Amino acid sequence: MNRVVISTKRLNLRKMRIDDVENLQEIFSDQIAMKYYPSTKNEKETISWISWTIDNYKNYGAGLWIVERKDTGAFLGQCGIVPQKIDGKTEMEIGYLFARRSWGNGYATEAAGACKEYGFGQLQLSKLISLPDVKNERSIKVAKRIGMKAEKTINKWGKEVLLFSALA
Ligand SMILES: CC(C)(COP(=O)(O)OP(=O)(O)OC[C@H]1O[C@@H](n2cnc3c(N)ncnc32)[C@H](O)[C@@H]1OP(=O)(O)O)[C@@H](O)C(=O)NCCC(=O)NCCS
């Protein structure tokens, strides 16, 4: 079964499956990659994350996808479109988390930019957001590079995050 949802020059974004636990554990067990999250995630929490993602595919036609190198199939990270509650309203967020060995190659920007196109194109969304921690410079740079604009700082997950958005 072809699970690829989006293809870019260097990358395939494919549907996540339960046997991606090991791939995702590379990111979720890394304290540096998880610096702006409440904690690292163990195997059980990673399985819940995959279940939440598979539910999102059913409920929203989108979720986080696994990002792989097209030429080698190597796992690089996850990127996609996920629901987030902002002021009581569900907004769709472009999210990205990559394995540390893959940072600094433009992969997150390439994947997130393709998700933005997919959200406005195939999914016909009128707005997309991004919610980087105010101190997460790498993440803020990705949001800016894909053409998102900072609206304001909000409190989410008990911390200050920047609300970036883009309109179709
Ligand atoms: C946020 C995150 C995905 C950003 O990763 P990143 O590697 O910095 O971002 P990109 O993949 O877009 O790479 C950009 C860098 O690659 C460089 N680069 C190298 N080759 C490139 C190429 N061929 N094309 C484009 N950029 C390239 C760019 O110059 C840029 O360098 P800079 O950081 O010095 O400006 C990563 O830090 C991460 O996974 N963090 C942990 C999870 C997290 O915090 N997620 C965000 C939650 S909101």
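Quick caveat, the model's predicted, so the values are computed rather than measured. Both counts, for ligands and for their atoms, begin at 1 and track the order of listing.
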Pair Y37 and W157, ring centroids less than 6.0 Å apart: no
NZ/NE/NH1/NH2 to OD/OE distance under 4.0 Å, K127 and E151: yes
Same cluster (ILVMFWY, side-chain, under 4.5 Å), I129 and Y96: no
Pairs meeting criterion side chain to side chain donor-acceptor pair (under 3.5 Å) with involvement of residues 50-65, two or more places apart: none
Lys/Arg-Asp/Glu bridge criterion (N-O < 4.0 Å) met for K135, E160: no
Could you tell me, for ligand 1, which of its N or O atoms are under 3.5 Å from any protein N or O, listing the pairs and their distances rounded to 0.1 Å?
residue, atom, partner, partner atom, Å
ligand 1, 7 (O), G104, N, 2.7
ligand 1, 8 (O), R138, NH1, 2.6
ligand 1, 11 (O), G106, N, 3.4
ligand 1, 11 (O), Y107, N, 3.0
ligand 1, 11 (O), A108, N, 2.7
ligand 1, 12 (O), T109, N, 3.1
ligand 1, 12 (O), T109, OG1, 2.5
ligand 1, 12 (O), R145, NH2, 3.2
ligand 1, 13 (O), G106, N, 3.0
ligand 1, 16 (O), G104, O, 3.2
ligand 1, 16 (O), N105, N, 3.3
ligand 1, 16 (O), G106, N, 3.2
ligand 1, 18 (N), G104, O, 3.4
ligand 1, 35 (O), K141, NZ, 2.9
ligand 1, 39 (O), F98, N, 2.7
ligand 1, 39 (O), F98, O, 3.4
ligand 1, 39 (O), W103, NE1, 3.3
ligand 1, 44 (O), N136, ND2, 2.8
ligand 1, 45 (N), Y96, O, 2.8

Member of K35, K41, R100 meeting the salt bridge (charged side-chain N to carboxylate O under 4.0 Å, His left out) criterion with D30: R100
